[in-house]
Protein chains: 2
Amino acid sequence: MSSVTNDTPSDPPIRERMPAAERRELILGHASAVFGRRGYSGTTTEQIAQAAGISQPYVVRMFGTKEKLFVEVMERALGKLIVAFREIIRLRDSGEIASNELGARLGQAYVDLIEDRGILMSLMQGFIQGHDDVIGRRARAGFLEIYRLLRDEAGIPADDVRGFLADGMLINTLLAIGMPDNFEGDEAATELMTLSFGAKLDAVLCVASEQSTRPV
Amino acid sequence: MSSVTNDTPSDPPIRERMPAAERRELILGHASAVFGRRGYSGTTTEQIAQAAGISQPYVVRMFGTKEKLFVEVMERALGKLIVAFREIIRLRDSGEIASNELGARLGQAYVDLIEDRGILMSLMQGFIQGHDDVIGRRARAGFLEIYRLLRDEAGIPADDVRGFLADGMLINTLLAIGMPDNFEGDEAATELMTLSFGAKLDAVLCVASEQSTRPV
DNA sequence: CTCTCTAGTAATTGATCGATTACTAGTTTA
DNA sequence: TAAACTAGTAATCGATCAATTACTAGAGAG
């Protein structure tokens with residue numbers, strides 16, 4: 001009797017048995033969503049297990065500890081962000097987009113990642129966990145990796161990179177605070193989100209209404 | 001036998017007995033520091049009690065629940081932020097500072113609040129807790145309160161307010177990730193912090209070295 | 001001096017959570 | 001087809017934590 005409470009990542013038909021590598025990726029996806037919403041300490045391995053439709057001990061045994069799972073989630077998120085940015089830089093290098101468009105396109109690539117909210121949110125939850133020895137160290141390294149990527153690989157002036165990251169942190173904060181799901185037509189909230197999410201606003205509010213009415 | 005492990009807020013000589021109102025404020029100060037570092041779920045009432053030099057049940061009984069204590073910490077932090085901003089606006093209204101300086105002075109007022117890191121950090125920990133019904137609701141209201149204050153009372157154009165908040169969120173993230181305490185001379189980290197903290201960089205690194213070598 | 005608050009603690013409790021152990025069913029291989 | 005490995009679960013354990021209870025000491029009022 002597998003009473004399963006599935007979560008965001010587009011529930012594929014519940015399969016009973018699955019190669020470890022595939023199960024691993026599935027767990028990471030759900031863990032990303034739950035950690036992203038509830039934070040590291042606020043998330044239980046049981047919540048992740050339920051989201052992934054498996055038993056709690058299996059989650060723990062596959063990753064060793066909750067902490068190791070969280071670090072893997074962070075690394076996966078960071079990896080996806082870096083891939084997205086590098087792709088834009090590649091398009092610039094190959095002349096497919098103009099140099100003066102680079103910043104805007106990178107910004108769009110960032111906002112596009114909201115679609116899977118777990119990516120940006122689990123990263124942010126890691127950033128906020130700076131006091132933890134192992135998570136904090138990984139988070140700082142990851143943050144600086146992004147900074148160097150934008151400055152050195154993309155060739156963006158340092159203070160523009162700072163501004164870019166600042167915009168990103170505001171976006172993260174608005175998502176983490178749950179503004180898209182709970183603004184209830186508030187005029188100030190609407191204005192601030194319009195300015196922050198730009199053309200992606202519709203998508204953000206759409207993803208919000210999908211993901212807000214769910215358990216976990 | 002009062003074996004006391006005091007925390008940041010400039011340890012006054014340990015007094016045995018104290019009026020409730022005074023004790024309350026003392027607890028709020030220490031709770032702000034601990035919640036700011038470890039987050040809501042990551043903090044135990046015992047850690048707050050040790051920081052404040054009292055017993056764990058006393059902490060709980062004075063505020064009812066951990067959640068109520070956290071909300072009070074948030075409200076106190078928000079209050080201090082608003083007071084700081086209103087003071088700058090008042091100086092502008094009374095002509096003591098020029099209108100075109102307003103943004104810079106508000107920014108400085110924000111950065112000055114880093115001195116007591118608990119204020120900005122406990123607020124940020126609240127922002128990140130958007131999924132929680134009661135904390136999230138309060139956090140959203142507080143965030144929008146700051147937005148309206150800057151836009152309507154200070155009269156700053158909406159998109160400049162957005163930029164201002166973005167800069168603030170980057171500062172918060174750099175503090176929360178523990179960059180000032182752990183950058184270890186890294187070139188990129190130094191550059192980013194210089195750009196973000198500006199003239200306050202020295203003070204930030206100083207507070208860091210004071211507050212990093214402590215328990216809790 | 002004693003009565004009565006007020007400020008505080010020690011002890012404990014029930015719930016929760018991460019982790020471990022011991023098991024089972026399904027799949028592959030020889 | 002039997003052996004060996006892989007994918008999974010159920011049961012449980014020890015630790016931790018917020019909260020409650022029941023107590024004690026000190027200060028002020030009469």
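In this text the structure is predicted, and so the values were computed from the model without any measurement. Just so it is clear: chains get the letters A, B, ... in the order the sequence lines come, proteins before strands, and each one is counted from 1.
For the side chain to side chain contact (heavy atoms under 4.5 Å, CB included) test with A:Y40, the passing option among A:K66, A:M74, A:Q125 is A:K66; the others fail.
The side chain of B:T45 places no N or O atom within less than 4.0 Å of a non-bridging phosphate oxygen (OP1 or OP2) of D:dC17. Close to C:dG8, at under 4.0 Å from its OP1 or OP2, lies a side-chain N or O of B:R23.
Look at A:R162 and B:E191 and you find no salt bridge, because none of the NZ, NE, NH1 or NH2 atoms lies under 4.0 Å from a carboxylate O. A salt bridge is absent between A:R38 and B:D132: the closest approach of a Lys/Arg side-chain nitrogen to an acidic carboxylate oxygen does not fall below 4.0 angstrom.
Residues B:Y40 and A:A21 both approach DNA chain D. Their nearest nucleotides, taken by heavy-atom distance, put A:A21 toward the 5′ side.
The closest side-chain donor-acceptor pair between A:Q50 and A:E46 falls under 3.5 angstrom. Side-chain contact of B:Y110 with B:N172: a donor-acceptor pair under 3.5 Å is present, judged by distance alone.
Put simply, CD on A:Q50 is 15 Å from C1' on D:dT9, counting in whole angstrom units. Distance, B:I27 CD1 to C:dA7 C1': 11 Å, rounded to whole Å. Rounded to whole Å, atom P of D:dG8 lies 9 Å from atom CD of A:E22. Note: CD1 (B:I48) to P (D:dT16) measures 18 Å, nearest angstrom. One can place CE of A:M18 at 11 Å from P of D:dT9, the figure rounded to the nearest angstrom. Between the P atom of D:dC17 and the CZ atom of B:F35 lies a distance of 13 Å, rounded to the nearest Å. Counting to the nearest Å, the P atom of D:dT9 and the CD1 atom of A:I54 are 6 Å from each other. Regarding B:F70, its CZ atom lies at a distance of 13 Å from the P atom of D:dA18, rounded to whole Å.
Near DNA chain C, meaning a heavy atom under 4.0 Å from it, residues 55-68 of chain A has A:Q56, A:P57, A:V60, A:R61, A:T65, A:K66 in order of number.
The closest donor-acceptor contact from the side chain of A:S32 to the backbone of A:L28 lies at 3.5 Å or more, if one exists at all.
In the set D:dA7, C:dT9, D:dC17, the nucleotide with an atom closest to the side chain of B:T44 is D:dC17.
By the salt bridge (charged side-chain N to carboxylate O under 4.0 Å, His left out) test, B:K80 pairs with no residue at all, sequence neighbours left out.
Residue contacts for A:T43: at a heavy-atom cut-off of 4.0 Å it reaches the sugar-phosphate backbone alone, with no base atom in range.
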